[in-house]
*Asks:* 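Supplied in structure tokens, the structure appears directly below.
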Amino acid sequence: MAISKLIPTLVLFVLFSFDVSVAHPGLGFGWGSNSPIGGSFYSNLYPQFYQFSCPQADEIVMTVLEKAIAKEPRMAASLLRLHFHDCFVQGCDASILLDDSATIRSEKNAGPNKNSVRGFQVIDEIKAKLEQACPQTVSCADILALAARGSTILSGGPSWELPLGRRDSRTASLNGANTNIPAPNSTIQNLLTMFQRKGLNEEDLVSLSGGHTIGVARCTTFKQRLYNQNGNNQPDETLERSYYYGLRSICPPTGGDNNISPLDLASPARFDNTYFKLLLWGKGLLTSDEVLLTGNVGKTGALVKAYAEDERLFFQQFAKSMVNMGNIQPLTGFNGEIRKSCHVIN
């Protein structure tokens with residue numbers, strides 16, 4: 001009698017367990033070599049997360065990216081930066097994509113982001129296509145990570161096995177965006193401290209800064225180097241002279257704050273190690289670039305030289321560091337949500 005009463009209970013338990021796994025794709029299944037030891041899957045990210053729930057996810061992302069980057073090569077750098085600016089605020093949770101609402105003060109209005117971060121329309125197009133193929137399955141946070149990897153690949157850079165399974169936040173932090181994203185005039189110690197707070201080390205700092213091998217920056221981010229670097233109305237003496245005069249022609253002493261200059265003047269649309277070579281030649285655009293070499297703290301200068309000499313070494317470390325950055329405080333399991341629209345909470 002006791003056994004007969006127990007059987008229906010066991011059946012219900014098995015059915016409930018199955019339903020949970022289906023409703024939350026990836027929960028509880030140990031695919032491949034990425035299964036955690038002595039832990040549950042819902043607290044981890046792993047590359048096969050959409051293996052069954054949306055196997056075409058990466059193909060959809062790459063199709064949209066190929067068209068967008070062919071139309072505007074600069075978009076690759078914009079999407080890479082969008083992922084970085086997301087992860088440094090509340091973790092990699094797509095909070096940067098949320099618009100202002102009755103309950104949310106958008107991170108888009110923060111100093112480092114306003115009139116600066118871009119690529120939202122590409123993320124929207126990816127999300128729309130994924131919603132058609134796999135409704136409410138792929139998070140906006142994972143789309144940002146996939147777009148950053150795809151943009152790197154399409155610009156000639158490395159690929160990497162990308163852990164997935166992030167969920168989207170229901171909150172944003174305007175204050176966090178104003179305080180946690182490194183400024184372009186940061187000292188080397190500022191940079192190291194901000195990266196260390198996110199669990200990232202010197203290799204991560206220098207290799208991720210190498211993402212500046214593609215893209216552009218506005219005059220407002222480097223004008224002080226041309227006219228008043230140390231508060232004495234003098235230029236930054238570390239700037240190579242011809243490069244300095246070229247930048248002055250783009251950025252006058254007054255006005256022109258939104259004029260742009262390539263972060264890597266030699267190959268601004270090509271993901272390579274030229275950025276590090278330019279630093280050695282006094283042709284890094286931002287103070288935060290230049291101090292990696294001249295800051296005299298830790299081994300950042302030695303890393304700049306190593307990556308300038310060995311592009312393969314840079315690519316290997318960049319790939320590792322992108323995974324490290326993508327692991328900053330993700331929401332997983334039953335935390336957060338899968339937004340239907342990346343701009344608003346459900």
Side-chain angles (χ1 to χ4, degrees), residues 74 76-78 80-82 84-85 88 110-118 177-195 200 202 204-231 234-253 256-269 271-297 300-301 303-305 307-308 314 318 321 325:
R74 177 189 170 192
S78 298
L80 184 59
R81 184 167 180 253
L82 201 55
F84 177 90
H85 281 220
F88 265 62
N113 295 332
K114 194 169 185 177
N115 301 319
S116 177
V117 289
R118 55 198 296 276
N178 277 319
T179 57
N180 292 329
I181 298 172
N185 62 347
S186 296
T187 66
I188 188 62
Q189 193 55 63
N190 288 153
L191 292 170
L192 287 168
T193 298
M194 297 185 88
F195 271 66
L200 303 175
E202 288 174 277
D204 298 320
L205 167 61
V206 180
S207 64
L208 291 174
S209 296
H212 285 175
T213 185
I214 54 176
V216 301
R218 296 181 300 151
C219 282
T220 187
T221 63
F222 59 87
K223 184 177 282 190
Q224 87 286 344
R225 294 192 73 197
L226 307 180
Y227 304 107
N228 191 26
Q229 175 71 345
N230 297 310
Q234 296 297 314
D236 185 342
E237 60 184 19
T238 66
L239 280 168
E240 192 269 336
R241 288 294 94 182
S242 64
Y243 184 54
Y244 162 68
Y245 287 118
L247 292 176
R248 280 181 60 107
S249 69
I250 297 168
C251 293
D257 283 357
N258 289 321
N259 295 348
I260 57 175
S261 178
L263 287 153
D264 170 348
L265 81 163
S267 53
F271 199 101
D272 53 27
N273 69 334
T274 305
Y275 164 85
F276 296 105
K277 296 176 182 177
L278 292 170
L279 289 184
L280 296 178
W281 300 335
K283 297 181 180 181
L285 185 61
L286 308 177
T287 296
S288 58
D289 296 320
E290 181 263 332
V291 296
L292 298 175
L293 179 66
T294 63
N296 294 319
V297 175
T300 60
L303 289 167
V304 168
K305 294 172 184 175
Y307 298 152
F314 163 49
F318 183 83
S321 294
M325 186 184 78

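Remember, it's a predicted structure, so these values are computed and weren't measured experimentally. Side chains are part of it too, since the values below use all heavy atoms of this structure and drop only hydrogens, waters and symmetry mates.
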*Asks:* So, Lys223 side chain and Pro252 main chain: donor-acceptor pair closer than 3.5 Å or not?
*Replies:*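 Indeed, once roles are kept as given, a pair shorter than 3.5 Å links the two residues.
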*Asks:* What are the two closest heavy atoms between Pro182 and Phe88, and how far apart are they?
*Replies:*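 Heavy-atom minimum between the residues: CD-CD2, 4.0 Å.
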*Asks:* For Leu278 versus Ala266, what's the shortest heavy-atom pair and its separation?
*Replies:*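 Closest heavy-atom pair between Leu278 and Ala266: CD1-N, 4.3 Å.
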*Asks:* Do you know the tightest heavy-atom contact between Phe271 and Leu80?
*Replies:*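 For Phe271 versus Leu80, the nearest heavy atoms are CE1-CD2, 4.3 Å.
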*Asks:* Between the main-chain N or O of Asp272 and the side-chain N or O of Thr213, is there a donor-acceptor pair closer than 3.5 Å?
*Replies:*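 Side chain of Thr213 to backbone of Asp272, a donor-acceptor pair under 3.5 Å: yes, one is there.
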*Asks:* Would you say the side-chain atoms of Asn259 pair up with the backbone N or O of Ile250, donor to acceptor, closer than 3.5 Å?
*Replies:*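 Such a contact is found between Asn259 side chain and Ile250 backbone.
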*Asks:* Once you measure the plane-to-plane angle for Phe84 and Phe195, does it fall in the parallel (<30°), tilted (30-60°) or perpendicular (>60°) bin?
*Replies:*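 Phe84 vs Phe195 ring planes: tilted.
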*Asks:* Kindly give the heavy-atom pair with the smallest separation between Ala177 and Asn113, and that separation in Å.
*Replies:*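 Closest approach of Ala177 to Asn113, heavy atoms only: CB-ND2, 4.0 Å.
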*Asks:* Answer yes or no: is there a side-chain heavy-atom contact under 4.5 Å between Pro112 and Asn178?
*Replies:*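 A side-chain contact exists here, since the closest heavy-atom pair is under 4.5 Å.
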*Asks:* Under the side-chain hydrogen bond (donor to acceptor under 3.5 Å, both in side chains) rule, collect the residues that match up with Thr294, sequence neighbours excluded.
*Replies:*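 side-chain hydrogen bond (donor to acceptor under 3.5 Å, both in side chains) list for Thr294, sorted by chain: Glu290.
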*Asks:* Is it true that the side chains of Tyr244 and Arg248 contain a donor and an acceptor less than 3.5 Å apart?
*Replies:*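 Yes.
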*Asks:* Would Arg218 and Asp257 count as a side-chain contact (heavy atoms from CB on, under 4.5 Å) here? Give the steps.
*Replies:* CA-CA 6 Å; Arg218 296 181 300 151; Asp257 283 357; over 6 Å; no
*Asks:* Considering non-hydrogen atoms only, spot the tightest contact between Ser78 and Arg118 and give its length.
*Replies:*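 Closest approach of Ser78 to Arg118, heavy atoms only: OG-NH1, 2.8 Å.
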*Asks:* Report the distance from atom CG of Asp236 to atom OH of Tyr227, rounding to the nearest 0.5 Å.
*Replies:*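 Those atoms lie 13.5 Å apart.
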*Asks:* Indicate the atoms forming the closest heavy-atom contact of Ser321 with Asp204, along with that distance.
*Replies:*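 Heavy-atom minimum between the residues: OG-OD1, 2.6 Å.
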*Asks:* Please assess Leu200 against Leu205 for the test side-chain contact (heavy atoms from CB on, under 4.5 Å), listing each intermediate value before the final yes or no.
*Replies:* CA-CA 7 Å; Leu200 303 175; Leu205 167 61; over 6 Å; no
*Asks:* Distance from Gln234 atom CD to Leu226 atom CG, nearest 0.5 Å?
*Replies:*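 Here the interatomic distance stands at 12.5 Å.
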*Asks:* Would you say Asp264's side chain and Ile214's backbone share a donor-acceptor pair under 3.5 angstrom?
*Replies:*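 Checked: no pair found.
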*Asks:* Kindly determine whether Leu247 and Leu285 satisfy side-chain contact (heavy atoms from CB on, under 4.5 Å), including the steps that lead there.
*Replies:* CA-CA 9 Å; Leu247 292 176; Leu285 185 61; 3.6 Å; yes
*Asks:* Give the ring-plane orientation class for Phe314 versus Phe276, where under 30° counts as parallel, over 60° as perpendicular and anything between as tilted.
*Replies:*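 Geometry flag for Phe276 against Phe314: perpendicular rings.
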*Asks:* Tell me yes or no: between the side chains of Gln224 and Thr287, is some donor less than 3.5 Å from an acceptor?
*Replies:*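 Their side chains do contain a donor-acceptor pair, which is all the 3.5 Å distance test asks for.
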*Asks:* Per the side chain to side chain contact (heavy atoms under 4.5 Å, CB included) rule, which among Leu191, Leu192, Val291, Leu292 passes with Val297?
*Replies:*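 Answer to the side chain to side chain contact (heavy atoms under 4.5 Å, CB included) test with Val297 among Leu191, Leu192, Val291, Leu292: Leu192.
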*Asks:* Evaluate Trp281 against Glu240 for side-chain contact (heavy atoms from CB on, under 4.5 Å), listing each step before the verdict.
*Replies:* CA-CA 7 Å; Trp281 300 335; Glu240 192 269 336; 5.9 Å; no
